[in-house]
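Working notes for the structure below.
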Amino acid sequence: MNDSTLLQLLNARFAAAFTAAGAPGANPVIQPAARPEFGDYQANGAMGAAKQLKKNPRELAQAVIDHVDVSGIADTLEIAGPGFINIKLSDAFLASRANAALADAKLGVPLPAKQTVVVDYSSPNLAKEMHVGHLRSTIIGDALARLLAFLGHDVVRQNHVGDWGTQFGMLTAYLVEQDRAGNTAIALDDLENFYRAAKVRFDADPAFADTAREYVVKLQGGDAQVRALWQQFLDVSLSHCEAIYRKLGVQLTRADVRGESAYNDDLPRVVADLRQQGLLVEDQGAQVVFLDEFKNKEGEPAAYIVQKQDGGYLYSTSDLATLRYRSGTLHCNRSLYVVDARQGLHFQQLFTLGRKAGYVPADMQLEHVAFGTMMGEDGRPFKTRSGDTVKLVELLDEAVSRAHALVSEKNPDLDEATRQQVAQAVGIGAVKYADLSKHRTSDYVFSWDSMLSFEGNTAPYLQYACTRIAGVFRKAGELAVDAPIAITEPAEHALALELARFADVVNATAAEALPHFLCGYLYQLATQFMRFYEACPILKSEGTVLASRLQLAKLTGKTLETGLGLLGIEALEAM
RNA sequence: GCGCUCGUAGCUCAACCGGAUAGAGCAACGGCCUUCUAAGCCGUAGGUUACAGGUUCGAUUCCUGUCGGGCGCGCCA
């Protein structure tokens, strides 16, 4: 295992050199080179530091070069332009990094200080079936959870499902009716229809509506019979979710479910506590906290309502309870909320109040991992042609069947069982990758054609790179592959350089909670491998070159597979 | 009205605390399979980074303003 990433290593060496060159504390500003002709990495810190010290930037850069210790790391250091230092890493150094990565289960990624991190994601409403609106949270959250776990953190997945509220009175009341009619199982088979039917009954029959309201009271009062019915409904609904999670390859389990109802008993206590702290004000019959940090339309402090006029609680209340639970019980260092960007204001207010009320220690990070809306190709929110929400299960099935058709067309030689398996991995992978590869904060256009075109920055391209590597090893058979990697060709250098960046990219992705960083990297890596594959025939070479190239291919394969795995996407042996 | 966010090639997207000539893919055009999977590789073309100022040695990035889109703003989540 390496004890530091490439960026950490270069930063440390250059920071020392800046200090030695008379610019103590200067940030070396190390980055991958903007263009290949500038080398592999560049240090851009000389300009800024020289400015502060009123020195000539090129002279400072020269002094840094004179002092920097990069023996065994870099071949050449050159000053360019106003004071850039271009760094060309040595073949031997890149080879040693690659060899170290190959020998390490974590592919050379050093483990950071361990944290407990809560990842709140997916969180569907159990009253209905999951639809495409739940896709982004589920996919992004799952990728982040995998990534953080890979880095050695204690990850606490929290599926904050909607399992509470007035609609469950209606649903349990309807469940009783259907049960009496003897068709519970059939009725719950399609949750969407069940909900719709219950709503129709509710709107059409005042007697039923009264029963429904009565059930809400009983449910909240802890009535054993209604609770049992409610639980039965939740079980069925959760099973639907779990079927989706299995299809998607998402790691959430029943144990990760901690729904709104889990905080029910705590809500009065939260309100009482806020009142005791003097934060609470009664306004128009509601219990509110006024936050000076936020202004409403009249320029007055914004009201954050925690209890309604009728005494009912809101999501703001349960989110405050959630905050206390994650801090006080789970003792997490960092809490991520993978939730639609439209709830941004709510989270800002929640976090502000949470800190003000002392529910969250100063050193606990709270992050709203916001994402944009999934759009149709017409640029409007993704819907069916008739304007209905698209069921998630239908979208996923379509992805797999489209992938199956494409696989059958591209590779008719594969047997049907394999084709099914490939279609699964490719279809689901394409949907996930299309989402994860975009900057999560922006809205993105959902397009079957571009995600399944199998070209460019897509899951199939990455999976294809994996199959090419697997193909090499199938052909290689018994050839020795325990020899060390040696770098000579430019394509080998470029590939090894890309491989050496893995740890930094994983760190940045986790730090910023931006999965597209990792996607962009894997695409670059696959591209570099494709070039290497074309330029440096592996099995046509001999001896140590053959062995070295096989090892390079092996490390690339492991890195791609690991990277895809962190995104929740399957790598393939053949496709 | 206030707040958040976005505006980059014909299309879909990048651009890592401000760095060099703003990069990919698709679409267009031209090459490369008796050689490890051509779902690939190489090349050509394509830009006033919405607009106008400002800060800076240097701005897609930071600040101000304008225009345009999306979203949010007291009892839904």
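If you're wondering where the values come from, they're calculated on a predicted model, not measured in any experiment. Every chain is numbered from 1 and lettered A, B, ... according to where its sequence line falls, protein lines coming before strand lines.
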Handout entry: Integer angstrom distance from the P of B:C42 to that of B:C26
Key = 11 Å
Problem - P atoms of B:A27 and B:C41, separation to the nearest Å - result: 13 Å
Problem - Rounded distance in Å - CD (A:Glu489) to P (B:C41) - result: 19 Å
Practice task
Look at all strands and tell whether A:Asp449 reaches a base, only sugar-phosphate, or nothing, counting heavy atoms closer than 4.0 Å.
Solution key: nothing
Problem - Carboxylate-amine/guanidinium contact A:Arg326 A:Asp120, below 4.0 Å - result: yes
Handout entry: Between B:U49 and B:U60 - P atom distance, rounded Å
Key = 7 Å
Exercise for the section: With syn defined as a glycosidic angle within 90° of 0 and anti as everything else, classify B:C33. Expected result: syn
Completion exercise
Checking B:U37, B:U35, B:C71 against the side chain of A:Arg342 (C-beta onward), the nearest is B:C71
Handout entry: Length of the CZ-C1' vector between A:Arg58 and B:G19, whole Å
Key = 15 Å
Exercise for the section: Return the orientation label for the A:Phe446 and A:Trp448 ring planes: parallel under 30°, perpendicular over 60°, tilted otherwise. Expected result: perpendicular
Handout entry: Whole-Å distance separating the CZ atom of A:Arg468 from the P atom of B:A39
Key = 8 Å
Handout entry: Closest listed nucleotide, where the reference is the side chain of A:Val288 and the choices are B:U37, B:C76, B:G74
Key = B:G74
Handout entry: Separation of A:Leu320 CG from A:Tyr304 OH (nearest 0.5 Å)
Key = 5.0 Å
Practice task
Among B:G74, B:G19, B:G40, find the nucleotide with the atom closest to the side chain of A:Phe84.
Solution key: B:G19
Fill in the blank from the handout: Among the nucleotides B:A20, B:C75, B:C17, whichever has the atom closest to the side chain of A:Asn27 is B:C17
Practice task
Using a 4.0 Å heavy-atom cut-off across all strands, classify A:Glu512 as base, sugar-phosphate, or nothing.
Solution key: nothing
Handout entry: Nearest to side-chain heavy atoms of A:Glu260, which nucleotide of B:G74, B:A77, B:C75
Key = B:A77
Handout entry: Check: A:Thr418 side chain, A:Leu414 main-chain N or O, donor-acceptor pair, under 3.5 Å
Key = no
Problem - Integer angstrom distance from the P of B:G54 to that of B:C73 - result: 39 Å
Practice task
Look at A:Glu293 together with A:Lys356 and state whether they make a salt bridge at an N to O cut-off of under 4.0 Å.
Solution key: yes
Problem - Mutual orientation of the aromatic rings belonging to A:Trp230 and A:Trp164 [parallel < 30°, tilted 30-60°, perpendicular > 60°] - result: perpendicular
Exercise for the section: Heavy atoms only: give me the nearest A:Gln528-A:Ala494 pair and the separation to one decimal. Expected result: OE1-CB, 3.5 Å
Practice task
Would you mind classifying the nucleic acid contact of A:Ala370 as base, sugar-phosphate or nothing, using non-hydrogen atoms under 4.0 angstrom?
Solution key: nothing
Exercise for the section: Have a look at A:Ile538 and say if it touches a base, only the backbone sugar-phosphate, or nothing, with a 4.0 Å heavy-atom cut-off. Expected result: base
Exercise for the section: Could you check whether A:Glu409 gets within reach of a base, just the sugar-phosphate, or nothing at all, counting any heavy atom under 4.0 Å? Expected result: nothing
Exercise for the section: Test the A:Arg258-A:Tyr263 pair against the cation-pi criterion, namely NZ or CZ under 6.0 angstrom from the six-membered ring centroid and within 45° of the ring axis. Expected result: yes
Exercise for the section: Report the secondary structure of RNA chain B in dot-bracket form, marking unpaired bases with a dot and bases paired to a different strand with |, and treating Watson-Crick or G-U pairs with both distances under 3.5 Å as paired. Expected result: (((((((..((((.....[...)))).(((((.......))))).....(((((..]....))))))))))))....
Exercise for the section: Using a cut-off of strictly less than 4.0 Å between a heavy atom of the residue and any atom of RNA chain B, enumerate the qualifying residues of residues 520-532 of chain A by number. Expected result: A:Tyr523, A:Met530, A:Arg531
Exercise for the section: For nucleotides B:C67 and B:A52, find the distance between their C1' atoms and express it as a whole number of Å. Expected result: 11 Å
Practice task
Give A:Asn86 one of three labels, base, sugar-phosphate or nothing, depending on what nucleic acid heavy atoms sit under 4.0 Å from its own.
Solution key: base
Practice task
Using the closest heavy atom to pick a nucleotide of RNA chain B for each, name whichever of A:Pro28 or A:Pro460 lands nearer the 5' end.
Solution key: A:Pro28
Practice task
Name the nucleic acid region contacted by A:Ala574, choosing base, sugar-phosphate or nothing; use a 4.0 angstrom heavy-atom cut-off, strictly under.
Solution key: base
Practice task
Look at all strands and tell whether A:Gly48 reaches a base, only sugar-phosphate, or nothing, counting heavy atoms closer than 4.0 Å.
Solution key: base
Problem - Side-chain ion pair, A:Glu534 and A:Arg531, N-O less than 4.0 Å - result: no
Practice task
Please work out if A:Ala286 contacts a base, only the sugar-phosphate, or nothing of the nucleic acid, heavy-atom cut-off 4.0 Å.
Solution key: base
Practice task
Figure out the OH/C1' separation between A:Tyr313 and B:C75, and round it to whole Å.
Solution key: 14 Å
Exercise for the section: Would you check if the side chain of A:Ser237 reaches a backbone N or O of A:Leu126 as a donor-acceptor pair within less than 3.5 Å? Expected result: yes
Practice task
Whole angstrom is fine here: how far is it from NE2 in A:His368 over to P in B:A77?
Solution key: 16 Å
Exercise for the section: Take A:Asn411 and A:Met47, find for each the nucleotide of RNA chain B with the closest heavy atom, and name the residue whose nucleotide sits nearer the 5' end. Expected result: A:Met47
Exercise for the section: Provide, to the nearest angstrom, the distance between the CD atom belonging to A:Gln42 and the C1' atom belonging to B:G58. Expected result: 13 Å
Practice task
For A:Tyr461, report the nucleic acid contact type (base, sugar-phosphate, nothing); a contact means any heavy atom under 4.0 Å.
Solution key: sugar-phosphate
Practice task
Ignoring the backbone of A:Tyr464, work out which of B:A38, B:C17, B:C75 is nearest its side chain.
Solution key: B:A38
Handout entry: Side-chain ion pair, A:Arg419 and A:Asp415, N-O less than 4.0 Å
Key = no
Problem - Spacing of A:Lys540 atom NZ relative to B:C33 atom C1', expressed in whole Å - result: 13 Å
Exercise for the section: For B:A22 versus B:U5, give the span between their P atoms, rounded off to a whole number of Å. Expected result: 28 Å
Exercise for the section: Compute the centroid of each ring, for A:Phe38 and then for A:Phe84, and state whether the two points are separated by less than 6.0 Å. Expected result: no
Practice task
Measure the distance from CZ on A:Phe371 to C1' on B:C71 and round it to the nearest whole Å.
Solution key: 14 Å
Problem - Ion pair check, A:Lys128 and A:Glu192, cut-off under 4.0 Å - result: no
Problem - Presence of A:Lys308 side-chain N/O under 4.0 Å of B:C76 phosphate oxygens OP1/OP2 - result: yes
Exercise for the section: For B:G70, take OP1 and OP2 only and decide whether either is under 4.0 Å from a side-chain N or O of A:Arg380. Expected result: no
Exercise for the section: Using a 4.0 Å heavy-atom cut-off across all strands, classify A:Val29 as base, sugar-phosphate, or nothing. Expected result: base
Fill in the blank from the handout: Between A:Ala370 and A:Thr441 the two heavy atoms that sit nearest each other are O-CG2, 3.9 Å
Problem - Qualifying residue for side chain to side chain donor-acceptor pair (under 3.5 Å) with A:Asp40, from A:His493, A:Lys88, A:Arg501 - result: A:His493
Handout entry: Annotated protein contacts, base or backbone, on nucleotides 10-16 of chain B with a non-hydrogen cut-off under 4.0 Å, one of B, S, - each
Key = --SSSSB
Problem - Inter-nucleotide P distance (B:A59, B:G1), Å rounded - result: 33 Å
Practice task
For this output row, return yes or no: ring centroids of A:His368 and A:Phe351 closer than 6.0 angstrom.
Solution key: no
Practice task
Quote, to the nearest angstrom, the P distance that separates B:G68 from B:G58.
Solution key: 32 Å
